[in-house]
Amino acid sequence: TGTAAPSLAHGSYNLSSKGLLVSGTGAGAVSVSGTGVLGNGTTSEFIVNNSSAATLPLGAPLISSTATAGSLTKAGAGTVVVRRNSNAFTGAVHVQQGELQGFANTTTAGSYAPLGAGAITVHPGATLRMKVGSTGNAFTWANAVNLRDATLISDDGVTTWTGALNTTGFSAIQTLYSSKNATFSGVISGSGFLTLTPGANASQTGTISLTNTANTFSGYYVLSKNTLALGGAAPPLGADTDQIGPAGTTATRGRAGGSP
């Protein structure tokens with residue numbers, strides 16, 4: 001706790017325990033940096049718990065410097081930012097509470113993996129935010145994502161999500177800025193309500209595109225503002241789906257403003 005900003009720089013050793021806990025209510029941030037590996041040698045679960053009001057930036061490598069199948073779990077109501085262009089671990093990521101940010105700190109177009117290569121499951125009430133530096137360049141996120149009454153935010157850059165997306169309950173996808181659109185080319189499956197908000201920040205506009213005609217999602221899409229673009233020879237909404245939204249929203253190859 002407190003207002004200072006302590007830092008753990010561990011370039012000469014590895015934090016190989018099974019977890020990292022940050023607690024308290026102070027405004028001071030804690031940061032972790034260096035070349036030592038957080039969770040080094042972990043082949044099961046490495047837990048990062050931030051229950052403080054401050055953001056916890058992790059700039060050090062996670063789990064392993066090689067392709068190790070250890071998993072990462074984000075716990076606690078606070079925010080954890082994994083600030084690396086890529087991490088080598090291949091295990092699953094679970095966002096149990098609060099917000100987990102995968103931050104590729106670059107403006108160079110490309111495919112990045114700050115949260116490793118495994119599937120990311122976002123549990124009820126939690127948020128996954130994938131972000132890059134402020135740019136209009138194109139980026140690819142390849143992780144499969146599972147939304148469970150949860151929120152996915154595409155923060156900056158023009159992004160393509162190539163991994164499968166499975167969603168249940170009342171989940172949401174947001175982009176934040178004008179012209180920094182998101183395309184979901186992987187198969188979308190699941191059920192429930194999926195709210196799509198392109199340009200979620202005030203006065204912003206944008207488009208979320210769904211392009212995979214093999215989508216099997218059987219719930220309802222809710223278009224809260226701006227544009228939903230549907231690609232392919234047939235509208236790739238999924239099985240027995242509808243797309244609903246308020247007046248003033250638009251959809252290409254689909255219909256908006258209706259009721260299911």
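The residues of the chain are indexed from 1 along the displayed sequence. A quick note: this is a predicted structure, and the numbers were derived from the prediction, not measured.
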Note to self: I'd like to know whether T107 forms a side chain to side chain contact (heavy atoms under 4.5 Å, CB included) with V132, so could you lay out the CA-CA distance, the side-chain angles of the two residues, the decisive distance to 0.1 Å, and finally the verdict.
What the structure shows: CA-CA 7 Å; T107 58; V132 295; over 6 Å; no

Treating Ile, Leu, Val, Met, Phe, Trp and Tyr as nodes and any side-chain heavy-atom pair under 4.5 angstrom as an edge, say whether [X] and [Y] lie in one connected cluster.
X    : Y    : answer
V187 : F217 : no
I208 : V158 : no
L62  : F103 : no

Any donor-acceptor pair under 3.5 Å from [X] side chain to [Y] backbone:
X    : Y    : answer
N181 : T207 : yes
N50  : A54  : yes
N212 : S185 : yes
N215 : I188 : yes

Next on the checklist: Could you walk me through whether V48 and L56 satisfy the side chain to side chain contact (heavy atoms under 4.5 Å, CB included) test, starting with their C-alpha distance in whole Å, then the side-chain angles of each, then the deciding distance to 0.1 Å, before giving a yes or no?
Outcome noted: CA-CA 10 Å; V48 178; L56 170 61; 3.8 Å; yes

State plainly whether the residues D156 and K131 are in salt-bridge range, i.e. N to O under 4.0 Å.
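A salt bridge is absent here (no side-chain N lies under 4.0 Å from a carboxylate O).
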
Which of these passes side chain to side chain contact (heavy atoms under 4.5 Å, CB included) with F184: T211, I173, L196?
->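 Exactly one option meets the side chain to side chain contact (heavy atoms under 4.5 Å, CB included) with F184, and it is I173.
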
task = Check each of V122, T167, T121 against R148 using the side chain to side chain contact (heavy atoms under 4.5 Å, CB included) test, and report the only one that passes.
result =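 Result for side chain to side chain contact (heavy atoms under 4.5 Å, CB included) with R148: T121.
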
Distance, nearest 0.5 Å, that separates [atom1] of [X] from [atom2] of [Y]:
X    : Y    : atom1 : atom2 : value
H94  : H123 : NE2   : NE2   : 5.0 Å
W161 : S154 : CH2   : OG    : 5.0 Å
K180 : S134 : NZ    : OG    : 4.0 Å
N85  : S111 : CG    : OG    : 11.0 Å

Which heavy atom in [X] sits nearest to a heavy atom in [Y], and how many Å separate them?
X    : Y    : value
G76  : N49  : CA-OD1, 3.5 Å
S203 : S178 : O-OG, 4.4 Å
T106 : Y112 : CG2-CZ, 3.6 Å
Y221 : L210 : CE2-CD1, 3.6 Å
K74  : Q97  : NZ-O, 2.9 Å
A117 : N143 : C-ND2, 3.8 Å

Contact check, side chains of [X] and [Y], non-hydrogen atoms, under 4.5 Å:
X    : Y    : result
Q101 : T79  : yes
Q174 : T127 : no
L115 : M130 : yes

ask   = Regarding S218 and S191, is there a side-chain donor-to-acceptor distance under 3.5 Å anywhere?
value =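 Short answer, no.
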
ask   = Is there a donor-acceptor contact under 3.5 Å linking the side chains of R84 and N105?
value =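 No pair is found: no donor N or O on one side chain lies under 3.5 Å from an acceptor on the other.
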
Problem - Identified side chain to side chain donor-acceptor pair (under 3.5 Å) counterpart of S189 within the set N166, T168, N146 - result: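 Exactly one pass, corresponding to N166.
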
* Asked: side chain to side chain contact (heavy atoms under 4.5 Å, CB included) between W141 and I120: does it pass, once the steps are laid out?
  -> CA-CA 11 Å; W141 306 119; I120 304 171; over 6 Å; no

| request: Evaluate side chain to side chain contact (heavy atoms under 4.5 Å, CB included) for V93 paired with L128, printing each intermediate quantity in order. | output: CA-CA 10 Å; V93 174; L128 170 67; over 6 Å; no

